[in-house]
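First, the structure itself, so that you have it in front of you.
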Amino acid sequence: MLSIVSQIKIAAAQALNHLFPEANVTDEVITVNETKPEFTGDYTVVLFPFVKSLRQNPAVLGKALGDYLIQNNPIFTAHSTVAGFLNLTISDNYFASFLNENYSVKDFGRKESNGKKVMIEYASPNTNKPIHFGHLRNNFLGWSVSEILKASGYDVIKANLVNDRGIHICKSMIAWMRYANDATPESTGIKGDHLVGDYYVMFNDVYKQEVADLIAQGKEKEVAEKEASILVDAQDLLRKWEAGDPEVYRLWQTMNNWVYAGFDVTYNKLGVDFDQMYYESNTYLLGKEIVQEGLEKGILFKKENGSVWIDLTADGLDEKLLLRADGTSVYMTQDLGTARLKYNDYKMDTSAYVIADEQNYHMQVLKLILQKLGEPCAEGIYHLSYGMVELPSGRMKSREGTVVDADDMIAEMVRLAKEQTEEAGKTEGFTEAELEHLYNMVGLGALKFYLLRVEPKKKMIFDPKESIDLHGFTATFIQYAHARICSILSKNDIAYGPVSIGKDPLLQLEKDLLLQIEQYPAILEQAAKEYNPASLCNYAFRIAQTFNSFYAQHSIANAESEEKKQLRLMLATMTANTLQNVMALLGIEVPNKM
RNA sequence: GGUCCGGUAGCUCAGUUGGAUAGAGCAUCAGCCUUCUAAGCUGAGGGUCAUUGGUUCGAAUCCAAUCCGGAUCACCA
């Protein structure tokens with residue numbers, strides 16, 4: 001079924017072509033808006049473009065078009081033209097049949113498969129420290145966008161590229177070797193990712209101290225920073241790792257496994273999941289092959305010291321290093337290899353990377369290089385860039401201890417949800433398990449919504465005070481509307497069978513709600529096109545708002561007539577379904593009571 | 001300096017391919033629980049859409065310049 005807006009565009013174009021054979025318009029050029037509340041009508045066709053081209057008076061044109069539409073299309077019942085705007089009223093009967101057809105469709109708005117395949121890479125942690133607050137926006141965005149695309153008919157692969165090798169993990173390893181006395185997550189009771197992260201922090205403390213000591217002994221600062229023994233040892237570990245030293249390799253595996261076990265717990269709590277894991281330790285060598293091929297094709301060049309570069313100055317960029325003089329690979333080299341590997345695995349149409357905007361340049365260069373190399377994966381690469389999350393005090397810095405740990409953050413949000421639920425005296429009639437589930441839905445929902453409600457590319461400030469607010473533009477507000485509906489539906493059954501409008505025309509708020517719900521497929525399509533969960537946050541909030549207004553002014557259980565009651569129960573059912581569906585795409589559960 | 005992104009109410013943000021008098025939430029103030037859940041509803045105040053110029057019947061939206069903030073331009077990842 002076409003959306004109302006699409007139907008209006010098609011009908012208006014057809015009407016104009018019929019009334020004015022010289023018009024020759026297509027439906028794409030018709031502008032349709034929601035009618036402003038101060039005017040009568042539901043949707044508005046903007047007439048100005050045709051006033052000029054058809055040399056018609058707006059009032060005359062509006063009347064001719066409006067009359068024609070009403071005569072030829074039962075969806076319209078009334079029209080009026082105000083200053084070049086043709087306001088159209090949609091038939092109540094159209095909405096009644098819309099309700100009858102869709103109210104029991106649980107997955108209303110979900111699209112059939114379109115045969116396109118998309119990979120979304122997100123999360124992509126380093127294995128030297130736990131997931132912190134800054135990663136949350138990435139995780140929620142990546143997961144939500146994946147679900148949005150799935151609901152829009154795409155075949156989605158959620159991928160996670162783990163940065164499991166390199167100097168950073170060697171730093172944790174050397175600190176552990178020196179100071180841990182064989183401490184394990186089991187022996188200490190500390191979550192694996194936190195344990196490894198603690199030693200990463202310890203590395204930095206020790207390193208700082210060693211540098212200070214060396215400077216005190218009279219060394220230059222720069223020399224001291226290179227000669228500090230713990231750094232030298234870490235670099236030595238990295239060389240041994242690359243040489244395949246079995247002992248180093250074993251410790252590396254052990255510590256990474258501790259981290260993965262910890263990550264799994266956190267991912268589970270966050271409600272995110274992955275279809276495909278990639279590890280840089282498996283892919284970092286692949287890039288070198290591509291670089292070799294690029295050299296042979298003459299697209300890359302070698303400098304005197306043996307380093308390999310690509311010249312992007314013709315594209316307004318710089319020269320970019322792809323291989324160090326010593327032959328080791330850099331970040332870009334690995335990404336070239338991973339891009340090809342992913343494509344060989346899945347042959348996806350689009351390969352999206354959820355990565356912070358500080359890497360905009362890197363991603364631009366990555367795509368450009370792959371294009372120049374003629375890699376088939378190049379065209380599909382899409383950088384879903386998002387702004388960094390900052391605290392009111394400024395940007396988080398792991399070395400300055402201003403990082404907020406993700407596990408702590410979740411626990412705190414759930415605790416606050418509990419506190420506020422208890423304060424509101426809303427705990428009666430729940431079992432302990434139900435309450436725990438509720439606190440989780442509310443606390444985690446608040447966090448997700450807070451991070452998803454802002455357009456991805458905008459940077460945002462995380463204000464703890466604001467994030468725990470459960471009023472206004474929040475997940476809680478929407479969850480509450482859903483719970484209210486469920487409460488009504490549990491006490492009032494729908495007598496199955498189609499409803500009709502009968503003597504009682506739709507009230508404005510009933511119609512507002514129907515208009516909004518009818519737009520869901522279009523809203524979803526837009527969110528998928530833009531990779532933007534924020535538009536769904538706004539949409540869900542708007543529906544909940546409209547429902548709450550309706551709820552405050554009109555009764556469902558005690559409606560004016562039995563027919564009205566049926567219609568409202570169906571409308572409430574669709575509202576609840578839509579809220580649940582939208583929130584599910586954001587990764588947020590909605591309770592049946594709260 | 002080059003490139004990219006942002007600037008809308010006191011604060012946090014919406015604002016479709018340009019359309020009517022620029023909208024929400026928070027905060028502030030005033031109301032609303034004998035009716036389906038008040039985590040709610042109704043109302044009020046609050047704006048030089050950074051600035052200037054241009055395009056157009058019409059600009060927060062498009063173009064140009066300027067100002068402010070941020071990111072990036074490593075043989076780091």
Side-chain angles (χ1 to χ4, degrees), chain A residues 5 28-29 31-36 38-39 44 46-49 51-52 58 82-85 87 126 163 166-168 280 303 305-309 316-318 320-332 334-335 356-362 364-365 385 387-388 390 395 417 420-421 423-424 426 442 450 453-455 457-461 463 465-467 469-474 476-481 483-492 522-523 526 529-530 534-535 537-538 541-542 544-545 547-559 568 572 593-594:
Chain A
V5 170
E28 294 102 52
V29 305
T31 301
V32 176
N33 298 319
E34 287 175 40
T35 303
K36 300 265 173 196
E38 52 268 38
F39 302 101
T44 297
V46 182
L47 299 173
F48 294 107
V51 166
K52 199 174 185 189
V82 183
F85 297 93
N87 300 322
N126 291 350
N163 186 354
I167 190 68
H168 56 84
E280 288 193 0
K303 288 198 177 175
N305 65 1
S307 57
V308 179
W309 298 73
L317 305 174
D318 307 305
K320 188 78 189 171
L321 175 85
L322 296 179
L323 222 46
R324 294 191 186 98
D326 65 4
T328 57
S329 58
V330 292
Y331 183 44
M332 185 62 76
Q334 300 177 28
D335 277 359
D357 61 8
E358 59 186 357
Q359 295 197 38
N360 284 355
Y361 179 74
H362 175 81
Q364 188 189 352
V365 169
S385 170
M388 308 285 276
E390 294 175 11
R395 200 166 157 177
Q420 298 201 29
T421 305
E423 270 172 24
K426 301 223 167 208
V442 172
Y450 186 84
R453 70 186 198 181
V454 178
E455 193 190 344
K457 76 175 170 189
K458 292 197 176 175
K459 69 176 182 193
M460 60 183 297
I461 294 168
D463 182 349
K465 275 207 302 285
E466 194 182 82
S467 68
D469 190 2
L470 306 182
H471 305 271
F473 186 31
T474 63
T476 314
F477 181 95
I478 297 160
Q479 290 168 325
Y480 185 61
R484 282 173 141 185
I485 296 173
C486 289
S487 172
I488 297 168
L489 294 176
S490 69
K491 296 171 197 162
N492 300 276
I523 300 270
Q526 185 76 9
K529 198 173 131 200
E530 295 174 349
S535 57
C537 292
N538 281 299
F541 178 64
R542 208 175 145 209
Q545 240 180 348
F547 176 80
N548 280 337
S549 294
F550 175 83
Y551 180 92
Q553 291 176 43
H554 308 288
S555 176
I556 293 173
N558 299 308
R568 286 181 188 168
K593 60 175 181 170
M594 65 188 287

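Numbers restart at 1 for each chain; the letters A, B, ... are given by sequence-line order, proteins then strands. Here the structure is a predicted model, which means the values were calculated and not measured.
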Base, sugar-phosphate or nothing for Thr44(A)? Non-hydrogen atoms, less than 4.0 Å.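 Touches a base.
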Would you indicate what Phe541(A) reaches in the nucleic acid, counting non-hydrogen atoms under 4.0 angstrom: base, sugar-phosphate, or nothing?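 Counting heavy atoms under 4.0 Å across all strands, the contact made by Phe541(A) is with sugar-phosphate only.
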Can Phe48(A) be classed as stacking with the base of G19(B), given a centroid separation cut-off of 5.5 Å and a plane angle cut-off of 30°?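 Here Phe48(A) meets both the 5.5 Å and the 30° conditions.
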Is there a donor-acceptor pair under 3.5 Å between the side chain of Asp469(A) and the backbone N or O of His471(A)?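 Checked: pair present.
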Under a 90° cut-off about 0 for the syn range, is C4(B) syn or anti?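 In terms of base orientation relative to the sugar, C4(B) is anti.
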P-based separation of A14(B) from G25(B) [nearest Å]: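 Those two atoms are separated by 16 Å.
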Is Gln526(A) touching bases, backbone alone, or none of the nucleic acid, heavy atoms closer than 4.0 Å?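 Touches nothing.
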With Val308(A), the side-chain contact (heavy atoms from CB on, under 4.5 Å) member among Leu321(A), Val330(A), Leu323(A):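 It is Leu323(A), the one option of Leu321(A), Val330(A), Leu323(A) that forms the side-chain contact (heavy atoms from CB on, under 4.5 Å) with Val308(A).
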Check whether NZ of the Lys or CZ of the Arg Arg484(A) lies under 6.0 Å from the centre of the six-membered ring of Tyr551(A) and within 45 degrees of that ring's axis.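 Satisfied, under 6.0 Å and within 45°.
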Output yes when at least one side-chain N/O atom of Lys36(A) is less than 4.0 Å from OP1 or OP2 of A22(B), else no.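 Checking Lys36(A) against A22(B): no side-chain N or O falls below 4.0 Å of OP1 or OP2.
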With a 4.0 Å cutoff (strictly under), does any side-chain N or O of Arg542(A) reach OP1 or OP2 of G15(B)?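 Negative; the distance criterion is not met.
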Identify whether any heavy atom of Val46(A) sits under 4.0 Å from a base atom; if not, whether one sits that close to sugar-phosphate; answer base, sugar-phosphate or nothing.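 If one applies the 4.0 Å heavy-atom cut-off, Val46(A) turns out to touch a base.
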Between A64(B) and A20(B), how far apart are the C1' atoms? Round to whole Å, please.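 That atom pair is separated by 29 Å.
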Is any N or O donor-acceptor pair between the side chain of Asn87(A) and the base of A20(B) shorter than 3.5 Å?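 Present.
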Is Asp469(A) touching bases, backbone alone, or none of the nucleic acid, heavy atoms closer than 4.0 Å?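 Sugar-phosphate contact only - Asp469(A) comes under 4.0 Å of backbone atoms but never of a base.
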According to salt bridge (Lys or Arg N to Asp or Glu O under 4.0 Å), who are the partners of Glu466(A), at least two apart in sequence or on a separate chain?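 Here the qualifying residues are Arg453(A).
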Toss me the dot-bracket line for RNA chain B: Watson-Crick and G-U wobble, both under 3.5 Å, 5' to 3', using | for pairs to another strand and [ ] for crossers. (((((((..((((.....[...)))).(((((.......))))).....(((((..]....))))))))))))....
Per-nt protein contacts along nucleotides 36-45 of chain B (heavy atom under 4.0 Å; B base, S backbone sugar-phosphate only, - none) come out as BBSBSSS---
Can Phe39(A) be called stacked on A20(B) when the rule is centres closer than 5.5 Å and an angle between planes below 30°?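 It does: the ring sits over the base of A20(B).
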So which one's nearest nucleotide on RNA chain B is more toward 5', Gly316(A) or Asp357(A)?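 Taking each residue's closest nucleotide, the earlier one in sequence belongs to Gly316(A).
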